[in-house]
A.B. asks: 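Here you go, one structure.
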Amino acid sequence: MDYTGNKLKKHELEAEKRLKKVEQDYLHTSQKYTETDSQFESLFSERRRADGLFYSAREFIDWCNNLVNKLQEALDKIPSTEETIDHSLQFSMSNSFESLEQEQCQKLDSEAIRDFKEVSRELYSIQRKMPRSESRRSIQSLLNEVKEKNKCKDKALLTCTLVCSPTSCDSLRKSVELEIKVLKKLIRELQKDWEDKLQTKQCAWKLYSDSKRKVKHLGKKKKHLSEQWDEEKKVHARY
């Protein structure tokens, strides 16, 4: 074989070697791209889930804070012991004020009933929406405790509605104060749960962003190797 023949054979072998190298690189990169893209889709779902749990936890805190505010407002509408005693004394001293005293008492009770019933409905809605598997055990325990305090308050409210007396009003007031106290404990636990979910959300976003960058990099590399592979095939075909 002459010098020219040897040189052509050498170029052919080098071209074949480059072709195999590019082919291997492309196939390897393509496989990594497929695997990373699959992980990316999974991380995208995890990120969405973490976002949903985070914002849901924030909503539960806002709802419970709203319940506390409504209960406090309703609590202020309950006649004080002094007011109820004063009504009773005026009623016993003069029957001419009977209808007026009854209207004032019924009006106050009516406003309280409306507010308390609204709180009970919202509390039921919160309990129904709270995902048991995604919350702390202490949160579920406190939710059950709030539920029991709410039942006690409803019973006291019924008694106070039927008999507007210092005893019934005082009993209702204490029931409401206990419910508010437990709700505030619940809010503190929900805040801890929210902070945990914030960390989970931040971690999920970081993993998602890193995976996204990796997929983008591998996609570009795969495209470049594909073009390079095509060129090497053309070169190899000349020999």
Side-chain angles (χ1 to χ4, degrees), residues 11-67 122-147 183-239:
H11 286 320
E12 182 181 356
L13 291 173
E14 289 176 349
E16 186 175 352
K17 185 178 179 180
R18 287 196 308 270
L19 179 62
K20 287 182 178 180
K21 176 67 168 56
V22 172
E23 180 182 4
Q24 289 175 353
D25 288 347
Y26 173 80
L27 293 175
H28 177 69
T29 301
S30 182
Q31 183 179 355
K32 284 183 65 177
Y33 175 84
T34 301
E35 292 172 354
T36 305
D37 188 56
S38 178
Q39 292 174 357
F40 171 74
E41 292 297 329
S42 177
L43 289 170
F44 176 72
S45 297
E46 283 297 315
R47 192 212 73 183
R48 290 186 63 182
R49 181 172 176 273
D51 283 348
L53 292 174
F54 168 77
Y55 292 116
S56 177
R58 181 73 261 172
E59 282 186 331
F60 283 119
I61 293 173
D62 292 340
W63 287 338
C64 287
N65 275 319
N66 187 47
L67 287 185
E122 291 184 13
L123 178 60
Y124 172 76
S125 177
I126 290 173
Q127 290 175 315
R128 187 168 51 83
K129 291 177 180 178
M130 177 71 74
R132 291 181 178 274
S133 61
E134 299 296 345
S135 59
R136 295 165 175 256
R137 185 177 299 176
S138 56
I139 289 177
Q140 292 300 329
S141 177
L142 284 168
L143 265 176
N144 291 333
E145 190 175 348
V146 171
K147 184 179 179 180
L183 269 170
K184 287 182 177 179
K185 287 183 182 179
L186 174 60
I187 290 169
R188 288 194 290 272
E189 286 301 309
L190 286 170
Q191 183 67 31
K192 293 176 185 177
D193 187 56
W194 176 81
E195 289 170 0
D196 288 344
K197 286 180 170 58
L198 172 60
Q199 292 182 355
T200 301
K201 172 179 173 289
Q202 290 172 338
C203 181
W205 266 92
K206 184 180 185 306
L207 290 172
Y208 166 79
S209 298
D210 290 346
S211 180
K212 186 177 182 179
R213 284 193 293 271
K214 192 172 181 180
V215 168
K216 187 176 181 180
H217 169 72
L218 288 171
K220 288 181 178 179
K221 186 176 180 181
K222 179 183 174 183
K223 182 182 178 182
H224 172 72
L225 288 170
S226 177
E227 292 171 349
Q228 190 176 354
W229 191 11
D230 288 340
E231 288 297 321
E232 290 298 335
K233 286 177 181 177
K234 292 177 182 177
V235 172
H236 187 268
R238 295 172 189 167
Y239 297 99

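All heavy atoms count here, side chains included; hydrogens, waters and symmetry mates do not. This structure is a prediction, so every number in the text was calculated from the model and none was measured.
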A.B. asks: Under the salt bridge (charged side-chain N to carboxylate O under 4.0 Å, His left out) test, which residues partner Glu122, sequence neighbours left out?
C.D. replies: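 For Glu122, the residues satisfying salt bridge (charged side-chain N to carboxylate O under 4.0 Å, His left out) (neighbours in sequence not counted) are Lys70.
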A.B. asks: Would Asp51 and Arg48 count as a salt bridge (Lys or Arg N to Asp or Glu O under 4.0 Å) if you check the C-alpha gap in whole Å, the side-chain angles of each, and the deciding distance to 0.1 Å?
C.D. replies: CA-CA 5 Å; Asp51 283 348; Arg48 290 186 63 182; over 6 Å; no
A.B. asks: Can you tell me how far OG of Ser42 sits from CD of Glu46, rounded to the nearest 0.5 angstrom?
C.D. replies: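 Spacing of CD (Glu46) from OG (Ser42) equals 5.5 Å.
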A.B. asks: Mind checking what makes side chain to side chain donor-acceptor pair (under 3.5 Å) contact with Asn65, not counting sequence neighbours?
C.D. replies: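 Scan of Asn65 (side chain to side chain donor-acceptor pair (under 3.5 Å), adjacent residues dropped) gives none.
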A.B. asks: Could you give the distance from CZ (Arg58) to CH2 (Trp194), rounded to the nearest 0.5 Å?
C.D. replies: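 Going from the CZ atom of Arg58 to the CH2 atom of Trp194 covers 6.0 Å.
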A.B. asks: Of all the heavy-atom pairs spanning Ser211 and Leu43, show the shortest one and how long it is.
C.D. replies: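 Heavy atoms of Ser211 and Leu43 come nearest at CB-CD1, 3.5 Å.
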A.B. asks: Pick from Lys212, Arg213, Lys214: which one makes a salt bridge (charged side-chain N to carboxylate O under 4.0 Å, His left out) with Asp210?
C.D. replies: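 Testing Asp210 for a salt bridge (charged side-chain N to carboxylate O under 4.0 Å, His left out) against Lys212, Arg213, Lys214 leaves exactly one candidate, Arg213.
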A.B. asks: Just do the side-chain contact (heavy atoms from CB on, under 4.5 Å) check on Leu27 and Gln24 with the steps written out, would you?
C.D. replies: CA-CA 5 Å; Leu27 293 175; Gln24 289 175 353; 6.0 Å; no
A.B. asks: If you compare all heavy atoms of Lys222 against all heavy atoms of Tyr33, which two are closest, and at what distance to 0.1 Å?
C.D. replies: NZ-CD2, 4.1 Å
A.B. asks: About how many Å separate OG1 of Thr200 and CZ of Phe54, when rounded to the nearest 0.5 Å?
C.D. replies: 10.5 Å
A.B. asks: I'd like to know if Asp25 and Lys21 make a salt bridge, using a cut-off of under 4.0 Å between side-chain N and carboxylate O.
C.D. replies: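 Between Lys21 and Asp25 there is a salt bridge, with a charged N closer than 4.0 Å to a carboxylate O.
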A.B. asks: Got a second to check how far Leu218's CG is from Asp37's CG, nearest 0.5 Å?
C.D. replies: 10.0 Å
A.B. asks: Would Leu67 and Ile126 count as a side-chain contact (heavy atoms from CB on, under 4.5 Å) here? Give the steps.
C.D. replies: CA-CA 10 Å; Leu67 287 185; Ile126 290 173; 3.7 Å; yes
A.B. asks: Measure the spacing between CG of Leu143 and SG of Cys64 and express it to the nearest 0.5 Å.
C.D. replies: 7.0 Å
A.B. asks: Quick check: closest heavy atoms across Glu23 and Trp229, and the distance to 0.1 Å?
C.D. replies: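 That closest heavy-atom pairing would be CG-CZ2, 3.3 Å.
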A.B. asks: State which residue, out of Glu195, Glu59, Lys185, Met130, fulfils the side chain to side chain contact (heavy atoms under 4.5 Å, CB included) condition with Leu190.
C.D. replies: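 With Leu190 as partner, Glu195, Glu59, Lys185, Met130 yield a single side chain to side chain contact (heavy atoms under 4.5 Å, CB included), made by Met130.
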A.B. asks: Listing request: all ring-ring contact (aromatic ring centres under 6.0 Å, His included) pairs with a residue in residues 203-223, at least two apart in sequence or in separate chains.
C.D. replies: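 Of all non-adjacent pairs touching residues 203-223, those that pass ring-ring contact (aromatic ring centres under 6.0 Å, His included) are Phe40-Tyr208, Phe44-Tyr208, Trp205-Tyr208.
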A.B. asks: Do Glu189 and Lys192 sit within salt-bridge range, that is, some charged N less than 4.0 Å from a carboxylate O?
C.D. replies: yes
A.B. asks: Where is the tightest heavy-atom contact between Lys197 and Ala57, given as atom of each residue plus distance?
C.D. replies: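 That would be CD-CB, 3.8 Å.
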A.B. asks: Please round to the nearest 0.5 Å and tell me the distance separating atom NE2 of His224 and atom OH of Tyr26.
C.D. replies: 13.0 Å
